[in-house]
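I have placed the structure first, in the form of structure tokens, so that the comments after it can refer back to it.
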Amino acid sequence: MAADEVIQIEADERLMPALVRGHDWSATPLGPLAAWPQSLKTAVGIVLEACQPMLVVWGPQLTSIYNDAYLPILGSKHPGGLGQPAAQLWSEIWDSLESMVAEVLAGRSQSVEDMPFALAGGPTNDLRWFSFSFTPLRDEQGAIAGLLTWAMETTGKVLLERQQAADRERQHNLFEQAPGFIAILRGPQHEFEFANHAYCRLVGQRELVGITVRDAFPEVEGQGFYELLDEVYRSGERYVASHVPIRLSPAPGLPAVERYLDFVYAPTIDESGRVTGIFVEGHDVTEAHLSQEALQSHARRQALLIELGDRLRDAQSPADLSHAAGEILGRTLEVSRAGYGTIDLTEETITIERDWNAPGIRSLAGVLRFRDYGRYIENLRRGETVVFADAEKDPRTAARAAALKAISAQSVVNMPITEDGCFVALLYVNHATAREWTTDELAFIREVGERTRAVIERRRAEQEVRELTASLERKVEERTAERDRIWQNSRDLLAVVDARGLFVRINPAWTAILGYAPEALLGQHFLQRVWPEDQTATMDAVAASQRLTGFQNRYRHRDGTARWISWNTSAEGGLVYAYGRDVTAEREQAEALRQAQEQLLQAQKMEAVGQLTGGLAHDFNNLLAGISGSLDMMQVRIEQGRTAQLRRYLGAAQDASRRAAALTHRLLAFSRRQTLDPRPVDANRLIGGMEELLRRTIGPAVTLEVDHADDLWITLADAHQLENALLNLSINARDAMPEGGELRIATANRRLDEASALALDLAPGDYLELSVSDTGTGMPEEVVARAFEPFFTTKPLGRGTGLGLSMIYGFAKQSGGRVQIQSRLGEGTRVSLLLPRHLGEFPMEEKPTASAGVSIEPRGKTVLVVDDEPTVRMLVVDVLGEHGFAVLEACDGAEALEMLRAGMRIDLLVTDVGLPGGLNGRQLADASRELMPRLKVLFITGFAETTVIGSDQLEPGMQVLTKPFAIDQLVARVKGLVEAGGD
């Protein structure tokens, strides 16, 4: 058979028949065209003749043969795709096709609709959709040798459907966002196709879509809405409604509630003009409807209240008032009876003069007992409104329901009217049958009751005014006469001053107190008689306020002397009313008392000074006797040549001088003039270091207990003085326990608030408390009160100086703290020392340096000694000279400064603080360091009032030594400063 006879196709505009005939099939698994089996030729002929896109795949490699209609699907893959294996031709979508091809080759036809493919070989790389049909092809032996594919591109249909779905989705979204409710119903049974959120909120959460209106809202039966929908569907005409009531259940199983709706039923019509459903749109206008009804009701009620006001105004008697109120209520509320009655709580009755009654209802005028009609009088006594809808069902009236029904009062409102909290009248509304009372009705009844009560009160007040007016002139005359008597007989100054400050009225007391006749002062300015020195203060006080209280100034008496007046004033109607009391005698008595108190205080001071100086003279006389006697004996023994006993007298004199130094230190501590060296102190560590010393001091008969507080705060104090205070307190405690006992030393943190700090005369804040307690004899209150006085002691003569506690008191005050004593006879004593908390860092303990203990060679070191006391200066100069120092001396700061300005080399300046003239020791040190910045300075002082001295406040290279001092102590300080170097 010739090749052109294999596939017989008429010549036309189609391309593929010629391409198939002209293709070199021998290069494919199909072989030459002439060798094709008839089954293949037949299938290819059908494909090439077809108008639909078709494809034949045949053979082991599924070789592809397609028609002209298939070319748009192939795009750029044609003509190269002819004769290619299907897997290669559709390589980009073969993963999706392979399983379907396998099913067809197994003998099962396949089809798929609207399958998306991204065909890279097409005219674009966009996603396209196709519907496919795969049919198996069999050869002459009946075996499946290939498959026939019919294809149709559905991209346009799919995109159109998607666009329509998107349009519907947008429409639904718009419906969901609409402020009103929207629903779409389809078919004559009005089945829900759509309902927005607003619709669901209105009808409650119930199933709607796919449900008919009748099934979704069974409670609407009989309200006319089903019929309206049927008519709109039948007629195809729109229905519009406004403020239509509907009773809907808020949720399945709950009772229906009334709502008001504005809505539109609009038919939906298809292309043929046939009604397919109904579009529902509307708004819930319940609140607006109720507001409108309330406004209308309010307007009606206001008109009735205006009418009531007119009726009450024209009423001539209480009976007319009761009838007017009853008629307004009865006619408005459509009840059987209404009225107003007065109450007698003692008898528990109501008296009704006249009420309003509906036709056929008898009046209740007369006296009725509450107890005859139920148990609700106690509610009325408490001011509660009594309301019952049915007397037979209310427990307060059920037993007396027959009596109430007999007077046409099965349903009742009783509203009590009170005056000053007392139940005095009753407004009642009765109805012959049971009925519910609304909130608006009760509010209207209350308003009528209040207005009726106000009119009755006003009528009563008018009557009282008329009665009062009848006697007003008499009372005014009596009060005027009484006021005049007070004005004339007052013993205080009374005056009226106008806006210019001129007296317009004066009472006679001005004559008795200041000697002026009233007529002599009228028209004068009030400042004209004020004492000259008090005029400015008086004008300032009047300018600040025209209402003075207790303001005192001096007025000039007619005889030229001064009188003290205490003024109270008030202003009204442009006038100032002044009331003045003569307080001259009171001020003179107060001045005399003040002077007497000052004299008493001065006497007490002199007594204290006498006691202080007497005790000081006594103790110093004893010490001076020891010093002078020892010196005299030394002189005698030197003249006798008996020097062997000089050391004995020398020791006695030195001991007495040390005791004198200790006495002055205690006096300075009490006066808070001692020189302190405050440093951060850990009280727990200080007590621990003294514990062994304290145990030896108090002896074995006394038990020592130490209670250390955890996390104890640091304080800033002179550690040496704190040790002395603790030792003194421990010795005092030991002496208070002659038979032995317990001594307890404790530390604690104390935080003082405003009140606690004020009681102790301290600033609020944090304090360290160090307390010493004993179980000794204790002290009476009068001894505790004097315990801190200098030289006061309860010990036997010679056993104490009386300066121990006074020294502790002064040390605590000077350190910014306080000391307290708590003691009772027979119960022991507790002394507490409060010292301020130090918030700075606690310094580490200094470690001895390598040069510690090594003596320095003072040769070549120059010391300038400045002191205005020649004896002290001579001793210091001699001592330092004997220890190898070159010593210069000056008697005051000016002389010393001249020596420094002369350029002399000075290694150390030793100066008294209290130098005479204009340059004290601290000023000299500062001026010297301007000339020699590294100059070392040692202050020696017995009184530190004029300077601030403390190691943490002095500059490096400055130290202080307190007079009197031991010679070896002076030498050690000087060598220590010089040894430090730095120059």
Side-chain angles (χ1 to χ4, degrees), residues 1 6-9 16-17 19-21 23-75 77-122 127-155 157-158:
M1 181 179 294
V6 174
I7 302 173
Q8 298 298 326
I9 301 175
M16 290 309 299
L19 290 177
V20 170
R21 284 194 298 270
H23 190 74
D24 183 12
W25 296 103
S26 60
T28 70
L30 299 181
L33 186 64
W36 286 4
Q38 187 58 45
S39 56
L40 175 59
K41 295 175 182 178
T42 301
V44 171
I46 293 171
V47 167
L48 294 177
E49 288 284 352
C51 296
Q52 298 293 332
M54 296 184 73
L55 170 72
V56 171
V57 293
W58 191 274
Q61 292 188 4
L62 299 178
T63 304
S64 303
I65 304 171
Y66 45 83
N67 63 3
D68 285 78
Y70 205 81
L71 295 181
I73 298 176
L74 291 174
K77 291 184 178 184
H78 176 74
L82 185 63
Q84 285 188 353
Q88 181 178 350
L89 180 64
W90 296 115
S91 58
E92 68 272 26
I93 60 174
W94 187 248
D95 289 342
S96 301
L97 296 177
E98 186 175 14
S99 60
M100 290 189 291
V101 170
E103 289 291 318
V104 175
L105 293 177
R108 292 181 288 275
S109 297
Q110 300 288 313
S111 66
V112 63
E113 292 185 3
D114 300 331
M115 188 173 184
F117 291 105
L119 300 178
L127 190 67
R128 298 159 68 188
W129 285 263
F130 295 90
S131 293
F132 295 98
S133 175
F134 298 95
T135 304
L137 294 177
R138 299 180 184 272
D139 58 15
E140 282 69 13
Q141 290 75 32
I144 297 175
L147 56 89
L148 177 64
T149 301
W150 168 84
M152 177 177 290
E153 183 171 1
T154 60
T155 300
K157 176 178 76 72
V158 169

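Source: prediction; values computed, not measured.
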Would you mind reporting whether Met16 and Tyr70 have side-chain heavy atoms less than 4.5 Å apart?
no
Considering all heavy atoms, the nearest Thr154-Phe130 contact
OG1-N, 3.7 Å
Are Ile65 and Trp58 close enough that some pair of their side-chain heavy atoms sits under 4.5 Å apart?
no
Just by modelled atom types, is the Pro37 backbone N or O under 3.5 Å from a matching donor or acceptor in the Glu140 side chain?
no
Nearest 0.5 Å, please: how far is CE in Met54 from CG in Leu148?
4.0 Å
Contact summary for Leu74 and Leu89, nearest pair of heavy atoms
CD2-CD1, 3.9 Å
Min side-chain heavy-atom separation Leu55-Ile73 under 4.5 Å:
no
Taking the side chain as every heavy atom from C-beta outward, state whether Leu19 and His78 have any atom pair closer than 4.5 Å.
yes
In residues 106-113, what donor-acceptor pairs under 3.5 Å come from side-chain atoms, sequence neighbours left out?
{"from": "Arg108", "atom 1": "NE", "to": "Glu103", "atom 2": "OE1", "distance (Å)": "2.7"}
{"from": "Arg108", "atom 1": "NH2", "to": "Glu103", "atom 2": "OE1", "distance (Å)": "3.2"}

Side chains of Val57 and Phe134 in contact at under 4.5 Å (non-hydrogen atoms):
no
Evaluate Trp36 against Trp25 for ring pair (Phe, Tyr, Trp, His ring centres under 6.0 Å), listing each step before the verdict.
CA-CA 10 Å; Trp36 286 4; Trp25 296 103; 5.1 Å; yes
Side chains of Leu82 and Tyr66: does their closest heavy-atom pair fall under 4.5 Å?
yes
Side-chain donor-acceptor contact under 3.5 Å, Gln84 with Ser64:
no
Heavy-atom distance under 4.5 Å between the side chains of Pro29 and Thr63, does that happen here?
yes
What closest approach, in Å, do Thr28 and Asp24 show between heavy atoms, and which atom pair accounts for it?
CG2-O, 4.2 Å
What is the minimum heavy-atom distance between Leu105 and Ile144, and which atoms define it?
O-CD1, 3.5 Å
To the nearest 0.5 Å, how far apart are CG in Leu33 and NZ in Lys41?
7.0 Å
Minimum heavy-atom distance between Leu40 and Val56, given as atom pair plus value:
CD1-CG1, 4.2 Å
Closest heavy-atom contact between Leu147 and Val101?
CD2-CG1, 3.8 Å
How many angstroms lie between atom SG of Cys51 and atom CG of Asp68, to the nearest 0.5 angstrom?
10.0 Å
Tell me if a side-chain donor or acceptor on Asn67 pairs with a main-chain N or O of Gln52 at a distance below 3.5 Å.
yes
